[in-house]
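Since the model is a prediction, treat every value here as computed from it, not as a measurement. The chains referred to below are lettered A, B, ... by the order of the sequence lines, with proteins before strands, and numbering in each begins at 1. Hydrogens, waters and symmetry mates play no part in the numbers below; they use all other heavy atoms, side chains included.
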Amino acid sequence: QVQLVESGGGAVQPGRSLRLSCAASGFTFSSYGMHWVRQVPGKGLAWVAVIWHDGSNEYYADSVKGRFTISRDNSKNTLYLQMNSLRAEDTAVYYCVKGGEVNKMDSWGQGTLVTVSS
Amino acid sequence: DIQMTQSPSSVSASVGDRVTITCRASQGISSWLAWYQQKPGKAPKLLIYAASSLQSGVPSRFSGSGSGTDFTLTISSLQPEDFATYYCQQANSFPYTFGQGTQLEIK
């Protein structure tokens, strides 16, 4: 079955960088677009970014554009989120999400918590 | 960006009740709408995609309808495990956006 395991979260000071990883298994990773979605603890869901199955296209939420970069290594079945110039408002649980046909986001990882604080 | 508005924000219901949650998009999104269920401390789970298609493994008591700007999620007969928070999400265009959530509580 589909398994998505995020790692790389933790506590970081404002202005610093962090890279999240998502190890995928149980499906043909190179065939599917992948997303990052975040959730401030106790709040709602917010879509962050998407990357096409072959890495040829990316889209970002306005709140992270220019600071975050989504990427993937299909040879390693791994999705990444490079987060630079982190702000307190980036504090959230970050979920790795598998895309599917008809634009659905059908499988979610367990999430990794990023805390941005001085 | 497309704004998604859910109502109600919270609802209390009993086991066996029929519950309907609505979601309105700020502009037409055809049938590009999904519904998710989230329990405390857990990742969201896809229930419905393309407005009315049931995700594999999801019980048939869950159903979705609508197109354009107005959508509904219906749970035909609430079970104890259905008490959770529900989110709608538009998949018509990037950035994808979610509703604010509806918390379904036990009466």
- Message: Checking an interface table here. Which of residues 27-40 of chain A come within a heavy-atom distance under 4.5 Å of chain B?
- Response: A:His35, A:Val37, A:Gln39
- Kindly compute the distance separating OG (B:Ser93) from CG (A:Asn103), expressed to the nearest 0.5 Å. 10.0 Å
- Message: Rounded at 0.5 Å granularity, tell me how far OH in B:Tyr36 sits from NZ in A:Lys104.
- Response: 9.5 Å
- Could you pull out the closest heavy-atom pair between B:Ala43 and A:Gly109, with the gap in Å? CB-O, 3.1 Å
- Check the hydrophobic clustering (I, L, V, M, F, W, Y; side-chain heavy atoms under 4.5 Å; chains of links allowed) and say if B:Phe71 and B:Ile21 are grouped together. yes
- Query: What residue, out of B:Pro40, B:Ser53, B:Ser31, B:Pro95, has the most heavy-atom pairs lying under 4.5 Å from chain A?
  - Reply: B:Pro95
- Message: Non-hydrogen contacts under 4.5 angstrom with chain B: give the residues of residues 70-101 of chain A involved, or none if there are none.
- Response: A:Tyr95
- For A:Arg67, does the CZ atom sit with more than 12 other heavy atoms under 6.0 Å from it, leaving out its own atoms? yes
- Item | Contacting moiety of B:Lys45, where chain A heavy atoms sit under 4.5 Å | neither
- Applying the 4.5 Å side-chain criterion to the ILVMFWY set and letting contacts propagate, would B:Leu54 and B:Tyr87 be lumped into a single cluster? no
- Task: May I ask you to name which of B:Gln100, B:Gln89, B:Gln38, B:Lys42 has the most heavy-atom pairs under 4.5 Å with chain A?
- Result: B:Gln38
- Query: Going hydrophobic residue to hydrophobic residue with side-chain gaps under 4.5 angstrom, can you get from B:Trp35 over to B:Leu78?
  - Reply: yes
- Against chain B, residues from residues 6-16 of chain A with at least one heavy atom under 4.5 Å, in numeric order, are none
- With only heavy atoms counted, which part of B:Tyr96 is less than 4.5 Å from chain A, the side chain, the backbone, both or neither? both
- Item | Verify same cluster id: B:Met4, A:Met105 (apolar side-chain graph, 4.5 Å) | no
- Query: How would you list, in number order, the residues of residues 43-57 of chain A that have a heavy atom less than 4.5 Å from chain B?
  - Reply: A:Lys43, A:Gly44, A:Leu45, A:Ala46, A:Trp47, A:Val50, A:Trp52
- Do the side chains of B:Val11 and B:Ile106 join up, straight or via other hydrophobic residues, at under 4.5 Å, putting them in one cluster? yes
